[in-house]
Student: 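Structure in C-alpha cells, see below.
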There are 4 protein chains.
Amino acid sequence: MKFKYNNELFDKISEEKKSRILEAAITEFADYGYDRANINKIAEKAGVSVGSIYKYFNNKQDLYLAIVNFSVEKLKTVLNEIISSEIDFLSTVEKIIKAIQLFSRSDVYLTKLYNEMATENNSELVWKIASDMEGISANLYSSIIKKAQDDGQVRKDINSDYFAFFLDNLFILLQFSYSCEYYKERLKMFIDEKVFDNDDLLAEELLKFIKGAFYLK
Amino acid sequence: MKFKYNNELFDKISEEKKSRILEAAITEFADYGYDRANINKIAEKAGVSVGSIYKYFNNKQDLYLAIVNFSVEKLKTVLNEIISSEIDFLSTVEKIIKAIQLFSRSDVYLTKLYNEMATENNSELVWKIASDMEGISANLYSSIIKKAQDDGQVRKDINSDYFAFFLDNLFILLQFSYSCEYYKERLKMFIDEKVFDNDDLLAEELLKFIKGAFYLK
Amino acid sequence: MKFKYNNELFDKISEEKKSRILEAAITEFADYGYDRANINKIAEKAGVSVGSIYKYFNNKQDLYLAIVNFSVEKLKTVLNEIISSEIDFLSTVEKIIKAIQLFSRSDVYLTKLYNEMATENNSELVWKIASDMEGISANLYSSIIKKAQDDGQVRKDINSDYFAFFLDNLFILLQFSYSCEYYKERLKMFIDEKVFDNDDLLAEELLKFIKGAFYLK
Amino acid sequence: MKFKYNNELFDKISEEKKSRILEAAITEFADYGYDRANINKIAEKAGVSVGSIYKYFNNKQDLYLAIVNFSVEKLKTVLNEIISSEIDFLSTVEKIIKAIQLFSRSDVYLTKLYNEMATENNSELVWKIASDMEGISANLYSSIIKKAQDDGQVRKDINSDYFAFFLDNLFILLQFSYSCEYYKERLKMFIDEKVFDNDDLLAEELLKFIKGAFYLK
DNA sequence: CATGAATGAGGATTCATTCAT
DNA sequence: TATGAATGAATCCTCATTCAT
C-alpha cells in the first residue's frame with residue numbers, strides 16, 4: 001500500500017526546493033520531536049513561507065508523515081542494494097551491520113526521526129506509519145532467512161518470521177545506539193566511553209551473536 | 001548515584017495519595033508523551049490541586065523524572081528477584097522473557113513511559129535518566145554472562161559486555177513490542193495479527209535465538 | 001548608547017496601530033505597575049491579538065522598555081526645544097517648570113510610568129533604563145549651568161554637576177507631584193487641597209527657590 | 001490620625017518575634033516590591049508559620065502598611081531628635097543631610113520601601129499611607145522655616161509651605177539616591193562612579209544649594 | 001501561486017489565603 | 001494559639017493554522 005501525504009502542488013515544485021523543505025523538516029522534527037518542532041521555523045530554514053508549507057501539506061502531521069515516508073524510502077534503497085547483491089546470508093548480515101553504522105553516522109536525523117515516530121501516541125498516526133514501513137524489513141528479512149534455510153546456510157528448526165523479527169530488533173537498536181542520545185548513553189554504560197571509536201569490534205561481536213543464533217557453521 | 005526528584009513534602013503524604021498521583025502521572029505521560037502531558041489534568045485525575053503537585057515536585061520535568069525513577073525501581077525489583085534465584089543461565093533468560101511478557105501486559109504504561117523517555121530530546125534530561133538506570137541492566141547482565149562463562153554454560157570466545165548489550169536490546173524491544181502502539185503494529189507485521197495470543201511460542205523462539213547466540217549445547 | 005526593544009515587524013505597521021498599542025501599554029503599565037500589568041488586557045485594549053504583541057515585542061519586559069524609551073524620547077523633544085531657544089538661564093528654568101506642569105497634566109501616564117520604572121527591583125532592567133536616559137538630563141543641565149557660569153549669570157563657586165543633580169531632583173519631584181497619587185497627596189499636605197488650582201504660584205515659588213540657590217541677582 | 005494595621009494578637013507577642021517578622025517583611029518588600037513579595041517566604045524568614053502571619057495581619061496589604069508605618073516611626077524619631085536640639089536653621093539642615101546619608105546607608109530597606117510605597121497604584125492604599133506620614137515632614141519643616149524667618153535667619157519673602165515642600169523634595173531624592181538602584185545609577189551619571197565615596201562633598205554642595213535658596217547671609 | 005502578518009486557544013507555574021489539626 | 005498543607009485563580013507566552021494581499 002502506498003500513501004501520499006503531500007498535496008499535488010508539492011509534486012510540481014523544483015527538486016531543489018523539495019529537498020530544502022524535507023531537510024529542514026527532518027532536522028527540526030529530529031531535533032525537537034514532533035510536538036516541539038516548529039512549522040514556522042521549518043519554513044524559515046527552508047527559505048519558503050509558512051503559507052507555502054501549508055499549500056504543500058495539509059497540516060503538521062502530514063508534513064511529518066511525508067518526511068517519515070521519505071526517510072523510509074532512503075533506507076529501503078540502501079537495504080535493497082545489499083539484498084540484491086546475491087551474497088551468502090552471513091555476508092548480507094555483515095553488510096547490513098556496516099551499512100547501519102555508516103548510515104546512522106551520516107543520517108543521524110533519519111534514525112532519530114524513526115525513534116521519535118515510534119514513540120508517537122496518536123494511534124491513527126502510528127498505524128499509518130507502521131503500514132508505511134510494511135514489507136520493508138518484515139518480508140525482506142523473512143524471505144532472506146527462508147532462502148538461507150533452503151540453501152542450508154541456516155538451521156531449519158527455527159521460525160523464520162520470528163527470527164526475522166529478532167534480527168530486526170538487533171538492527172533497530174543498533175541504529176538507535178548510534179543516533180539517539182539516550183541509547184548512546186546506554187551503550188556507553190554497557191561498554192565504555194570509547195565504544196564509538198571502534199565500530200569494527202562492535203560489528204564483529206554482533207555478527208558473532210547473530211551467527212550463533214542462526215547456527216551457522 | 002541516586003537522584004531524588006520529589007520534595008520532602010511528597011515523602012510525608014499517605015502512600016495512597018502518593019500512588020494516586022504517580023498513577024495519574026504515569027498514565028498521562030505514557031498516553032500523551034512528555035510535551036502533551038497536562039499537569040492540570042494529572043492533578044485532577046489524582047484528585048489533588050495543581051498547587052499540591054507543585055509542592056511535591058518542583059516542575060513538570062521533576063515529576064516526569066520521579067515517575068521514571070519509580071518505574072525503574074519496579075523493574076529492578078522484578079529483575080533482582082529473578083537473578084537472585086540462582087538458577088542456570090538459560091533458565092534465567094527464560095524467566096526474564098516470561099517476566100517481560102507478564103510485566104509488559106500488566107504495566108503497559110511503565111514501558112510506554114520508558115520508550116517515551118528514551119526519545120526525549122532534551123540532553124540534560126536524557127543524561128539524568130540514563131544515569132538513573134545505571135547498573136540496572138548493564139552490570140547485571142554482564143556479570144551473569146561472566147559467571148555463566150566461568151561455569152562453562154556459555155561460550156568463552158565472546159565479549160560479555162557486548163553480548164550483554166545485545167541481550168538487553170532483545171529484551172527492550174520485546175517490552176516495546178508488548179506495550180507501545182508502533183512496535184505492536186510492527187510485530188504483527190512480522191508475524192501476524194494473532195501473535196499476541198501465543199506468548200509461549202514467541203518466548204520459545206526467542207530463547208532458541210539467544211541459546212544459539214550464547215552457544216549453549 | 002541606543003537600545004531597540006521592539007522587533008522589526010513593529011516598525012512596519014501603521015503609525016495608527018503603533019500608537020494604539022503604545023497608548024494601551026502605557027496606560028496599563030502606569031495604572032497597574034509592571035507586575036500587575038496584563039499583556040492580554042493590553043492587546044485587547046489596543047485591538048490586536050496577544051500573538052501580535054509577542055510578534056512585535058519579545059516579552060513583557062521588552063514591551064515595557066519600549067514604552068519607557070518612547071516616553072523618554074517625548075520628554076527629550078520637549079526639553080530640547082526649550083534648551084535650543086537660547087534664552088538666559090532663569091528663563092530656561094522657568095520654561096522647564098511650566099513645561100513640566102503642562103506635560104505632567106497632559107501626559108500623566110508617562111510620568112507615572114517613570115516613577116514605576118524607577119522603582120523596578122530587577123537590577124538588569126534598572127541599568128538598561130538608566131542607560132537609556134543617559135545624557136538626557138545629566139549632561140544637558142550641567143552644560144547649561146556651565147554656560148550660565150561663563151556668562152556670569154550664575155555664581156561660580158558651585159560644582160555644576162552637583163547643582164545640575166539638585167536641579168533635576170526638584171524637577172523630577174515636581175513631575176511626580178503632578179502625576180502620581182502618592183506625591184499628589186503629599187503635595188496637598190504640604191500646601192493644601194487647592195494647590196493644583198494655582199500652578200503659577202507654585203512655579204513662582206520654585207523659581208524663587210532655584211534663583212536663590214544659583215545666586216542670581 | 002493614627003492607623004493600626006495589625007490585629008490585637010500581634011501586640012501580645014514578644015518584641016523579639018515582632019521585630020523578626022517586621023524585619024523579614026521589610027527586606028522582602030524592599031527587595032521584590034509589593035507584588036513580587038512572597039508572604040510565605042516572609043513567614044519562613046521570620047521563623048513563624050504563614051498561618052500566624054495571617055493571624056497577626058488580615059492580609060498582604062495590611063502587613064505592608066504595618067511595616068511602612070513602622071519605618072515612618074523610625075524616621076520620625078531620627079528627625080525629632082535633630083529638630084529638638086534647638087540649633088540654627090542651617091545647622092539643622094546640615095544635620096538632616098548627614099542623618100539621611102547615614103540612615104540611607106544603614107537602613108537601605110526602609111528607603112527602598114518608601115519608594116516602593118510611593119509608587120503604589122491602589123489609591124485607597126496611597127491615601128492611607130500618605131495620611132500616615134502626615135505631619136512628619138510637612139508641618140515639621142514648615143514650622144522650622146517659619147521660626148527661622150522670625151529669627152531673621154531666613155529671607156521673609158518666601159512662602160514657607162512651598163519652600164518646605166522643595167526642601168523635602170531634595171531630601172527625599174537624596175535618600176533615594178543612596179538606596180534605590182535606579183536613583184543610584186542616575187546619580188552616578190550626574191557625577192561619576194566615585195560619587196558614593198565622598199559623602200561630604202555632596203553634603204557640602206547640597207548645603208550650599210539650600211543656603212542660597214533660603215537667602216542666608 | 002506565494003507570502004507572512006494575524007490569530008487565540010492552551011498550559012505551566014505562582015502565591016495569597018484558608019482551615020483542619 | 002500555632003501550624004503548614006492544600007487550594008485554584010490568574011497570567012505569560014507559544015505556535016499551528018488562516019487568509020488578505
Side-chain angles (χ1 to χ4, degrees), chain A residues 7 9 12-13 17 32 34-44 47-64, chain B residues 7-10 12-13 17 32 35-44 47-63, chain C residues 7-10 12-14 17 32 35-44 47-63, chain D residues 7 9 12-13 17 32 34-44 47-63:
Chain A
N7 299 333
L9 201 52
K12 297 185 195 158
I13 63 175
K17 196 173 189 177
Y32 300 105
Y34 182 79
D35 288 305
R36 266 172 293 187
N38 184 326
I39 298 288
N40 288 273
K41 267 201 300 189
I42 291 175
E44 199 176 9
V48 298
S49 69
V50 228
S52 291
I53 298 275
Y54 275 85
K55 283 281 198 305
Y56 303 146
F57 306 91
N58 287 326
N59 47 43
K60 191 182 190 179
Q61 182 177 296
D62 273 11
L63 171 57
Y64 183 68
Chain B
N7 298 333
E8 294 88 31
L9 201 52
F10 187 67
K12 295 184 198 159
I13 63 176
K17 196 176 194 174
Y32 299 105
D35 288 304
R36 264 172 295 183
N38 184 325
I39 298 285
N40 291 275
K41 265 202 280 177
I42 291 175
E44 200 175 7
V48 297
S49 69
V50 225
S52 290
I53 296 279
Y54 277 88
K55 279 279 201 310
Y56 303 146
F57 305 92
N58 288 326
N59 47 44
K60 192 181 188 179
Q61 181 176 295
D62 273 12
L63 172 56
Chain C
N7 298 332
E8 295 87 31
L9 201 52
F10 187 66
K12 296 184 197 158
I13 63 176
S14 73
K17 197 176 193 174
Y32 300 103
D35 288 304
R36 266 172 295 183
N38 184 324
I39 297 285
N40 291 277
K41 267 203 276 177
I42 291 175
E44 201 175 6
V48 298
S49 69
V50 223
S52 290
I53 297 279
Y54 278 89
K55 278 279 202 312
Y56 302 145
F57 305 92
N58 289 325
N59 47 45
K60 192 181 188 179
Q61 182 177 297
D62 273 11
L63 172 57
Chain D
N7 298 333
L9 201 52
K12 297 183 194 159
I13 63 175
K17 196 175 191 176
Y32 299 105
Y34 182 79
D35 288 304
R36 265 172 293 186
N38 185 327
I39 298 287
N40 288 273
K41 266 198 309 190
I42 291 175
E44 200 177 9
V48 297
S49 69
V50 228
S52 292
I53 298 275
Y54 275 86
K55 283 281 198 304
Y56 305 145
F57 306 92
N58 288 325
N59 48 42
K60 192 181 189 179
Q61 182 176 295
D62 273 12
L63 171 57

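Note on naming: letters A, B, ... go to the chains in the order of the sequence lines (proteins, then strands), and numbering restarts at 1 for each one. In what follows, every heavy atom counts, from backbone to side chain, and hydrogens, waters and symmetry copies are set aside.
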Student: Using the ring-ring contact (aromatic ring centres under 6.0 Å, His included) criterion, which residues pair with B/Tyr54? Sequence neighbours excluded.
Tutor: none

Student: CG of C/Leu9 versus P of E/dT3: gap in Å, rounded?
Tutor: 17 Å

Student: Provide, to the nearest angstrom, the distance between the CD1 atom belonging to A/Ile42 and the P atom belonging to E/dG4.
Tutor: 17 Å

Student: In whole Å, I'd like the distance from the CG atom of B/Asn40 to the P atom of E/dA9.
Tutor: 17 Å

Student: Take C/Gly47 and B/Asn59, find for each the nucleotide of DNA chain E with the closest heavy atom, and name the residue whose nucleotide sits nearer the 5' end.
Tutor: C/Gly47

Student: So for the helix from E/dA2-F/dT21 to E/dT21-F/dA2, with five pairs setting each end axis, what is the inter-axis angle to 10°?
Tutor: 10°

Student: Output the rounded distance in Å from NZ (B/Lys60) to P (E/dG10).
Tutor: 15 Å

Student: Of the non-hydrogen atoms in D/Asn59 and D/Asp62, which two are nearest, and what is the gap between them?
Tutor: OD1-N, 3.0 Å

Student: Please identify each residue that fulfils side chain to side chain donor-acceptor pair (under 3.5 Å) with D/Asp35, with sequence neighbours left out.
Tutor: C/Arg36

Student: If you pin B/Lys17 and D/Ser49 to their nearest nucleotides in DNA chain F, which one's is more 5'?
Tutor: D/Ser49

Student: DNA chain F: A/Ile39 or C/Asn38, which has the more 5' nearest nucleotide?
Tutor: C/Asn38

Student: NA contact type, A/Ala37, heavy-atom cut-off 4.0 Å: base, sugar-phosphate, or nothing?
Tutor: sugar-phosphate

Student: Do side-chain atoms of D/Lys60 reach the backbone of D/Tyr34 as a donor and acceptor pair under 3.5 angstrom?
Tutor: yes

Student: Hey, could you give me the NZ/OG distance between C/Lys55 and C/Ser49, rounded to the nearest 0.5 Å?
Tutor: 8.0 Å

Student: Could you tell me from which nucleotide to which nucleotide of DNA chain F, 5' to 3', there is an atom under 4.0 Å from chain A heavy atoms?
Tutor: F/dC15 to F/dT18

Student: Looking across every strand, which nucleic acid part, if any, lies under 4.0 Å from B/Lys41 by heavy atom: base, sugar-phosphate, or nothing?
Tutor: nothing

Student: How many whole angstroms separate atom CG of B/Asp35 from atom P of E/dG10?
Tutor: 17 Å

Student: Quick one: closest heavy-atom pair of C/Ala43 and C/Ile53, and the distance?
Tutor: CB-CG1, 3.8 Å

Student: Where along residues 50-57 of chain D does a heavy atom come under 4.0 Å from DNA chain E, residue by residue in number order?
Tutor: D/Val50, D/Tyr54

Student: State, to 0.1 Å, how close D/Tyr56 and D/Leu9 come at their nearest heavy-atom pair, and which atoms those are.
Tutor: CE2-CG, 4.0 Å

Student: Identify, with sequence neighbours excluded, every residue that meets salt bridge (charged side-chain N to carboxylate O under 4.0 Å, His left out) alongside C/Lys17.
Tutor: none

Student: Measuring from atom CZ of C/Phe57 to atom CG of C/Leu63, what distance do you get when rounded to the nearest 0.5 angstrom?
Tutor: 5.0 Å

